[in-house]
Amino acid sequence: MERSVQSYHRLGLALLAATTISSLSIKATDAQSEQPGSASTAQEEPIKRTVLFRGNLEGVEGKEIVIFIAELAPGAVGSKHYHPGPEFFYVLEGTLAHEPEGGPAHMMKVGDFGSNPNKSVHTIRNPSTTARARAIDFLLSDKGQPLVIPIK
């Protein structure tokens with residue numbers, strides 16, 4: 001029991017550190033993207049996922065944690081998908097509409113926290129037509145799995 005509590009404590013500290021680091025990275029990226037001659041966000045992918053960290057989940061053989069930023073362009077709508085493990089996310093910017101399969105969409109604003117159980121099918125969209133939305137995601141899964149598995 002003590003080892004399990006210590007593992008969760010370490011995971012919590014790692015998530016806090018990753019959130020802090022990614023926040024600083026996002027601010028630096030924003031500063032760079034506001035430079036003259038930067039490409040327009042309209043030219044970017046509707047949903048862009050940038051992996052910040054991928055590594056072993058300490059004490060759990062064959063499992064890893066993946067920390068990534070999901071950035072949704074204005075009006076972006078994601079296809080129906082799931083993740084190969086439990087996903088936890090925190091809204092950093094804008095508003096997200098998160099819709100679990102078979103359930104109603106719920107609006108999430110900056111500072112809101114959400115999750116998807118292992119392999120839970122859902123969609124995500126940015127309801128704003130003018131502002132982007134960003135979230136930091138923490139995915140726990142078997143090593144080497146993709147971030148997203150689309151449903152056809």
Side-chain angles (χ1 to χ4, degrees), residues 4-31 33 41-42 44-152:
S4 177
V5 170
Q6 287 176 347
S7 293
Y8 283 115
H9 180 70
R10 280 191 220 128
L11 177 59
L13 289 174
L15 295 177
L16 178 61
T19 301
T20 302
I21 291 167
S22 67
S23 178
L24 294 173
S25 297
I26 289 167
K27 288 179 183 175
T29 300
D30 283 346
S33 68
T41 55
E44 296 177 6
E45 304 167 44
I47 298 179
K48 179 181 175 184
R49 293 175 179 91
T50 304
V51 174
L52 302 174
F53 175 81
R54 184 183 287 259
N56 294 333
L57 187 57
E58 185 178 333
V60 185
E61 187 68 31
K63 297 286 184 179
E64 69 179 357
I65 182 168
V66 183
I67 302 169
F68 63 96
I69 297 291
E71 184 171 345
L72 288 79
V77 178
S79 61
K80 192 183 287 191
H81 67 278
Y82 67 90
H83 303 276
E87 173 197 28
F88 306 91
F89 57 95
Y90 178 85
V91 181
L92 297 168
E93 180 181 346
T95 302
L96 295 174
H98 176 256
E99 186 173 345
E101 187 173 56
H106 56 281
M107 302 303 252
M108 301 180 71
K109 63 186 183 335
V110 173
D112 286 346
F113 178 83
S115 64
N116 288 304
N118 184 23
K119 299 182 181 177
S120 173
V121 176
H122 61 281
T123 58
I124 194 86
R125 66 182 169 85
N126 180 354
S128 173
T129 58
T130 58
R132 68 180 171 186
R134 286 197 281 194
I136 185 165
D137 290 59
F138 304 90
L139 175 64
L140 306 174
S141 67
D142 291 334
K143 285 185 181 181
Q145 294 296 306
L147 295 179
V148 175
I149 299 165
I151 302 295
K152 298 182 188 209

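Bear in mind the structure is a predicted one, so any value in this text is a computation, not a measurement.
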Which of Val77, Ile124, Asn126 passes side chain to side chain contact (heavy atoms under 4.5 Å, CB included) with Ile47? It is Ile124

Partner set under salt bridge (charged side-chain N to carboxylate O under 4.0 Å, His left out) for Glu64, not counting sequence neighbours | Arg54

Between Glu101, Glu99, His81, which is the residue that forms a side chain to side chain donor-acceptor pair (under 3.5 Å) with His122?
-> His81

Keeping to residues at least two apart or across chains, list the side-chain hydrogen bond (donor to acceptor under 3.5 Å, both in side chains) pairs with something in residues 138-152.
-> Asn56-Lys143, Lys63-Asp142

Side chain proximity check, [X] to [Y], heavy atoms < 4.5 angstrom:
X	Y	result
Leu92	Ile69	yes
Val121	Lys80	yes
Thr95	Pro127	yes
Lys48	Arg132	no
Thr50	Glu71	no

[X] and [Y]: which non-hydrogen atoms are nearest, and at how many Å?
X	Y	value
Leu147	Pro84	O-CD, 3.7 Å
Ser115	Phe89	N-CE2, 3.5 Å
Ala97	Met107	CB-SD, 3.6 Å
Asn116	Glu87	ND2-OE1, 2.5 Å
Leu139	Gly85	CD1-O, 3.5 Å

How far does OH of Tyr90 sit from CD1 of Ile136, to the nearest 0.5 angstrom?
-> 10.0 Å

The reported gap from CG in Leu140 to CD1 in Ile67 (rounded to nearest 0.5 angstrom) is 9.5 Å

Do the rings of His83 and Phe68 sit parallel, tilted or perpendicular, given the 30° and 60° boundaries?
-> tilted

Kindly say whether His98 contributes a backbone atom to a donor-acceptor pair with the side chain of His106 at under 3.5 angstrom?
-> yes

